[in-house]
Amino acid sequence: MSIRQNQVPLKFEPSRIDSKWQSKWAEDNLYKVNNDSDKPKWYEMTMYPYPSGDLHIGHWYAFSPSDCHARFRRMQGYNVLHPIGFDAFGLPAENAAINRGIHPKTWTMQNIETMREQLQSLGAIYDWNREVICCDPEYYEWNQWIFLKFYEQGLAYKQKAPVVWCPSCQTVLANEQVVNGCCERCDTVITRRDLEQWFLKITDYAEELLDFEGLIEWPEKILTMQRNWIGKSEGVEIQFGLLNSENALISEQTITTFTTRIDTIFGVTFMAIAPEHPLVESLTTKENSIDVKKYIEQSKKISEIERMSTDKVKTGQKVGSFALNKFTNEKIPIYIADYVLPNYGTGAVMGVPAHDERDFVFANKYSLDVKRVVSETGNEDQNMSEAYVGNGIMINSKTYDGISNFEAKELLAKDIEKKKWGKKTTSFRIRDWLVSRQRYWGTPIPMVECSKCGIQPVAISDLPILLPDDAEFKPSGESPLKTSIDFVNTVCPKCFGPAQRETDTMDTFFDSSWYMYRYLNPKYKEAPFDNKLVKSWMPVDQYTGGAEHAVMHLLYARFFTKALRDMGLVDFGEPFLRLFNQGIILGQDHEKMSKSRGNVINPDDVVTGMGADAVRVFLMFIGPWDQGGPWSNVGINGIARWLNRVWTITTEKYELGSETMINQQTTDELAKTLHKTIKKVYEDLDKFKFNTAIAQLMEFSNYLNKTLNTKAVDPLVWNSCVRSFLLMFAPIAPHLAEELWEINGYKYSIHSESFPIWNEELISENVITMIVQVNGKVRDKIETAIGMEESAVKSLALMSSKIQAHIDGKTINKVIYVPDRLINIVI
RNA sequence: GCCGAGGUGGCGGAAUGGUAGACGCGGCGGACUUAAAAUCCGUUGCCCUUUAAAGGCGUGUGGGUUCGAGUCCCUCCCUCGGUACCA
């Protein structure tokens, strides 16, 4: 794919120009960002890449438009910080190490080397002095520092939690390593294991994370996804009594369920609890114990697989005991069922088949009663073919009959609280963030376990806790750090006796939750970030990146900033004020790019042949940035042609011949076109509408081309048009713009210039094309002066022979007049 | 299933409720050339028409609102993305 057929030859040497300016900019520190500036600040960030070792076209699609936007802000007069770094910890490094025997550190650092070079070929305004590499101890030391702060605040805690386990590889798997319930590497069916693991209490912030007030401009789609992810629902917790099969109360104990539909309490016909529920054992009667055990075993194994592949198979197992509905005094059977999740609500569900789809399916399968208690407009039929989940009037609910179910919800909740049977409560879907990874290539969690003092935090003065080089990271069934004796054996920070280090490492989302602070001064030694710089630069004004990070990364980052704020470390609550999500670049076949499809485009090949600017411009031109779109080897030729034309227009000698006449009208028209162009390009770049901005510039260059042929304007006017054009071109095609700026004899650098400003007066028209419609259909167009009266336009329109032909003596019922736009004659 | 985005020429895509198809690709015709490529000029939604003029039809489907709908409302179909037993 390195040689494309029918490639349009360029009039300039792109590789020469690219490297010429890239090295000049670097030498001059042109893009070094000054922290002290009179200009207003603009912090524009793009999500940093994982150093996979190869910069693919998707990276170009993410980075070149964001660079263009940052450059535009720069030319608008902002002091712009547009940093880049590497998300350098993570699984692929460890996999490469396991497969190829290279140390993860070596592999990662080599990849960063090559990717840094590839990134430089973009010609972006990155300030490389601020590069962040999070596998560097200089960075992860502060991960540990922040972790200790979280621990101090009670936001970090250790608890048993299940992990996905591959019995064959003897290793913990990440969710994405599980394919159809099997290990992606060896295809073995996975199981689960309970391990003591570290969590961050993001749930403390669940309510506040739902508040998006502090954000200026985020896509509604992302907010919805975050809302759903947090999953707030308000309901009632209510206790049920417990009976054995002889109707005797088992104990004073009760079982609590959470429901959002307390209005259906009279329709409860069974209770379903999670197989993991703590009361399962005590509720299981002798005659059911074998079956219950079997069901629990089975759900442990199958649940994950079933969940992924099948839809809504509801199974359960009777435990033998009964629950007592305190409102009806009815005795209802208790089941364990894997559709009830142990970690949501109370892990127990009151089954109301008539008004819940899942309960309905379950009741059908086990022949349980269906009892309708909410009536949809008078329908009291008890033979239901499906659950009725809507609202209505209460029936079969004793004293609550006849009122709306909304009202009943309120009354019942109050009643329950009065009787002390339960309480109103709010439930969240979001769970605490599990940050422990049983992996080598990550930040060591700075904790120590002492047999005398228990879990102890490492002293801040002992940071960083370095990742040892000698750990065996090949899978063994334990955290790899356990194999480094020197690492594990340490001294208790409290009693100075022998102790062991925590051997889990941190989730890489920990790194990316605060890297925006570190960019400000990645070398800062006193703290994770320099407060003075945080005050002047944060929060990030514009963040761009893929929508795949809608919930995890973006939610974690918001949580971090709120937690840091509550510790008094920052004084704002949102890290990213504006967010824009780019789409996905597709292959030429309109399919997602993948090696197996063979439709991958290697940007290096194209850049070598056509230059960075051609690639940048094409990627921005194919369509709206947030929609993504297909690459095209043929389509990029159009860009090459355009760049050639730009080259010609801006380098050709413009001189008036002896017989050339300067035409005032042509000059005025050119000025108007220029100013219209400036307005359109300015407004489009502002809103990330690169495709239409470029289209407008193309139109303008076509117009300039015509002017070049007629030479009917003064050379001074011509030169100022070329100058303005180049300035608009600069953020889009920075190398070529700089070269042409130099050829035209302007002072280096174009990238230190301001974006042109348009003059609204020059844009206003005095003659417009009036559309004349008959019955809403365009029949003629007439030139009229601006601001013409309706009556005048009407008589002009009626004079048109084309219009006459359509009216043809019929009576005019009505005339719609839109000033300076159209007139519609209705007959 | 639910949530979100979208469906416009041969293709990528433009269009504050007011000229549908900007800009570009591709195609066609011409100029230049021994020739080809490149370049330049012209042309290009479909139908009818020898051509032109003049019509007619056209933004996934079917309805509606409006003087006027790609755009607003309702029904359905399809594509893509996200998410999933949340009680």
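Letters go in sequence order (proteins before strands), and every chain restarts at 1. Just so it is clear, the structure is predicted and the values come from calculations on it, not from any experiment.
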Distance check, P atoms only: B:G24 and B:A31, in whole angstrom units.
24 Å
Nearest-angstrom distance from the residue atom CZ of A:Phe690 to P of B:G13:
17 Å
Would you mind classifying the nucleic acid contact of A:His549 as base, sugar-phosphate or nothing, using non-hydrogen atoms under 4.0 angstrom?
nothing
With rounding to whole Å, what would you report as the distance between B:C25 and B:G63 at their C1' atoms?
37 Å
Evaluate the ring planes of A:Trp631 and A:Phe618, with Trp represented by its six-membered ring, and classify them as parallel (under 30°), tilted (30 to 60°) or perpendicular (over 60°).
perpendicular
Hey, could you give me each pair passing salt bridge (charged side-chain N to carboxylate O under 4.0 Å, His left out) that has a residue in residues 615-640 of chain A? Not counting sequence neighbours.
A:Asp67-A:Arg616
Atom pair distance, as rounded to whole Å: CE in A:Met610 and P in B:A38
12 Å
Considering just the side-chain nitrogens and oxygens of A:His806, establish if one lies under 4.0 Å of OP1 or OP2 belonging to B:A54.
no
B:G27 versus B:U75 - spacing of their C1' atoms, nearest Å
40 Å
Pick the P atom in B:G21 and in B:C2, then give their distance to the nearest Å.
38 Å
Between A:Trp421 and A:Phe240, does the ring centre distance come in under 6.0 Å?
no
Whole-angstrom distance between B:C73 and B:G7, as gauged at atom P
14 Å
Considering only side-chain heavy atoms of A:Pro624, which listed nucleotide, B:G13, B:A15, B:A87, is closest?
B:G13
Mind calculating the distance between CG (A:Asn775) and P (B:U66) to the nearest angstrom?
15 Å
A:His590 vs B:C80: side-chain N/O to OP1/OP2 distance below 4.0 Å:
no
Rounding to a whole Å, what distance do you find between A:Glu234:CD and B:A87:P?
12 Å
Could you check if a side-chain atom of A:Leu579 sits within less than 4.5 angstrom of a side-chain atom of A:Pro219, using non-hydrogen atoms only?
yes
If pairing requires Watson-Crick or G-U wobble contacts with both distances under 3.5 Å, which nucleotide is the partner of B:G18?
B:C67
Both distances under 3.5 Å, Watson-Crick or G-U wobble: report the partner of B:U83, or none.
B:G1
Taking the side chain of A:Lys802 as its heavy atoms from C-beta onward, which of B:A87, B:A54, B:G12 lies nearest to it?
B:A54
For the backbone of A:Pro9 and the side chain of A:Asn644, can you confirm whether one donor and one acceptor N or O come within less than 3.5 Å of each other?
yes
Looking across every strand, which nucleic acid part, if any, lies under 4.0 Å from A:Arg227 by heavy atom: base, sugar-phosphate, or nothing?
nothing
Taking the six-membered ring for Trp, are the ring centroids of A:Tyr366 and A:Phe270 within less than 6.0 Å of each other?
no
What distance, rounded to whole Å, do you find between the two C1' atoms, one in B:G9 and one in B:A14?
13 Å
Would you tell me if any nitrogen or oxygen in the side chain of A:Lys777 comes within less than 4.0 Å of OP1 or OP2 on B:A54?
no
Provide the Watson-Crick or G-U wobble partner of B:C40, both distances under 3.5 Å; none if there is no partner.
B:G30
Using atom CG of A:Asn633 as one end and atom P of B:G26 as the other, report the distance to the nearest whole Å.
12 Å
Within residues 344-355 of chain A, find the residues that approach RNA chain B with a heavy atom at under 4.0 Å, and present them sorted by residue number.
A:Tyr344, A:Val349
Syn or anti for B:G12, please, going by whether the chi angle lies within 90° of 0.
anti
What integer number of Å spans the C1' atoms of B:C23 and B:G13?
9 Å
Give a yes-or-no answer on whether the side chains of A:Glu783 and A:Thr769 include a donor-acceptor pair shorter than 3.5 Å.
yes
Complement of B:U51, any strand, by Watson-Crick or G-U distances under 3.5 angstrom
none
Going by modelled atom types, is there a donor-acceptor pair between the base of B:C3 and the side chain of A:Lys221 at under 3.5 Å?
no
Detail all sub-3.5 Å separations between protein N/O atoms and N/O atoms belonging to nucleotides 17-24 of chain B.
residue	atom	partner	partner atom	Å
B:G18	N2	A:Gln773	OE1	3.2
B:U19	O2	A:Lys781	NZ	2.7
B:A22	O2'	A:Glu699	OE2	3.0
B:G24	OP1	A:Asn702	ND2	3.1

Nearest whole angstrom, please: distance from the P of B:A84 to the CG of A:Asp338.
17 Å
Options B:G56, B:A84, B:C85, nucleotide nearest the side-chain atoms of A:Arg779:
B:G56
Complementary nucleotide of B:G6, counting Watson-Crick and G-U pairs under 3.5 Å:
B:C78
Aromatic ring centroids of A:Phe580 and A:Tyr543 under 6.0 Å?
no
Are the side chain of A:Asn824 and the backbone of A:Gly776 linked by a donor-acceptor contact shorter than 3.5 Å?
yes
Could you pick out which residue, A:Arg261 or A:Ala547, lies toward the 5' side of RNA chain B when each is mapped onto its nearest nucleotide?
A:Ala547
Among the nucleotides B:A87, B:C41, B:A84, whichever has the atom closest to the side chain of A:Asn705 is B:C41
When the distance from CG of A:Leu697 to C1' of B:A14 is rounded to whole Å, what number comes out?
16 Å
If the P atom of B:G58 is compared with that of B:G70, how far apart are they to the nearest Å?
10 Å
Does the ring center of A:Trp642 lie less than 6.0 Å from the ring center of A:Phe621?
no
From CZ of A:Phe618 over to C1' of B:C11, roughly how many Å is that when rounded to an integer?
11 Å
Check: A:Ser64 main-chain N/O paired with A:Tyr61 side-chain donor or acceptor under 3.5 Å:
no
Ring centres under 6.0 Å, that's the criterion: do A:Trp218 and A:Phe212 meet it?
no
On RNA chain B, compare the nucleotides closest to A:Asp359 and A:Lys706; which residue's is nearer the 5' end?
A:Lys706
Go through B:C67, B:A84, B:U39 for me and flag the one nearest to the A:Val8 side chain.
B:U39
A:Val340 has its side chain closest, among B:A87, B:G12, B:A84, to B:A87
Mind checking who B:U61 pairs with, Watson-Crick or G-U wobble, both distances under 3.5 Å?
none
Would you please say whether a donor-acceptor pair under 3.5 Å links the side chains of A:Arg645 and A:Asn702?
yes
